[in-house]
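Comments concern the structure below.
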Amino acid sequence: QVQLVESGGGLVQAGGSLRLSCAASGSIFRVNAMGWHRQAPGKERELVATITTGGSPNYADSVKGRFTISRDNAKNTVYLQMNSLTPEDTAVYYCNANIRRYLSTYTYDYWGQGTQVTVSS
């Protein structure tokens with residue numbers, strides 16, 4: 001009933017930029033915090049960035065100053081602008097959103113299927 005779909009992943013050279021998008025759809029009453037995680041081969045999934053409904057961002061130290069998270073509440077969409085990319089940024093990036101459904105009094109964390117980002121040297 002509720003799904004998150006990521007887009008914008010791909011192959012980019014070191015120093016380049018990429019913009020990821022994630023749109024939430026379905027029986028949604030309210031989308032609360034949204035964010036991005038990533039997982040590189042052989043490593044644990046790690047937090048990249050989060051953003052509140054009011055637009056307050058939070059970043060991992062490894063991406064601070066290079067990545068920018070933003071959102072469009074009217075479209076239930078979160079974005080991740082990635083600049084100055086390095087091979088260490090290569091990973092599958094997952095979108096996450098805390099959502100309250102129409103007939104629910106509680107919230108639940110939803111996850112997208114992930115989009116591959118590959119940065120070549």
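Note that the numbering runs from 1 along the sequence shown for the chain. The model shown is predicted, which means the values in this text are computed figures rather than measured ones. Below, all heavy atoms of this structure are taken into account, side chains as well, without hydrogens, waters or symmetry copies.
Sorted by first and then second residue, the pairs that involve residues 43-61 and meet side-chain hydrogen bond (donor to acceptor under 3.5 Å, both in side chains), not counting sequence neighbours, are Arg38-Glu46. Listed by first and then second residue, the salt bridge (charged side-chain N to carboxylate O under 4.0 Å, His left out) pairs that reach into residues 92-118 come to none, sequence neighbours excluded. For the salt bridge (charged side-chain N to carboxylate O under 4.0 Å, His left out) condition, the pairs that include at least one residue of residues 64-84, sequence neighbours left out, are Arg66-Asp89, Asp72-Lys75. Counting only residues at least two apart or on different chains, the side-chain hydrogen bond (donor to acceptor under 3.5 Å, both in side chains) pairs with a member in residues 110-120 are Gln116-Thr118. Residue pairs that meet the ring-ring contact (aromatic ring centres under 6.0 Å, His included) test with at least one member in residues 63-95, sequence neighbours left out, do not exist here.
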Report task. Kindly indicate, with the supporting measurements, whether the criterion side-chain contact (heavy atoms from CB on, under 4.5 Å) is fulfilled by Met82 and Ser17. Result -> CA-CA 5 Å; Met82 304 184 293; Ser17 298; over 6 Å; no
Query - Ser70 vs Val78, side-chain contact (heavy atoms from CB on, under 4.5 Å): CA-CA, chis, key distance, verdict - result: CA-CA 6 Å; Ser70 61; Val78 63; over 6 Å; no
Query - Audit row: Leu20, Glu6, side-chain contact (heavy atoms from CB on, under 4.5 Å) steps and yes/no - result: CA-CA 7 Å; Leu20 305 182; Glu6 302 100 334; over 6 Å; no
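Minimum interatomic distance between Ala14 and Ser121 (heavy atoms only, all atoms of both residues): CB-CA, 4.2 Å. Nearest heavy atom pair, residue Ala24 against residue Leu4, reads CB-CD2, 3.1 Å.
Annotation: the span from Gln3 atom CD to Cys95 atom SG amounts to 11.5 Å, rounded to 0.5 Å.
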For residues 26-37, which side-chain donor-acceptor pairs fall under 3.5 Å, sequence neighbours excluded?
residue, atom, partner, partner atom, Å
Arg30, NE, Asn32, OD1, 2.6
Asn32, ND2, Asn98, OD1, 2.9

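When the side chains of ILVMFWY residues are joined at heavy-atom separations under 4.5 Å, either directly or via intervening members, Val12 and Val48 end up in a single hydrophobic cluster.
Taking 4.5 Å as the limit, every side-chain heavy atom of Ile99 sits out of range of all side-chain heavy atoms of Thr107.
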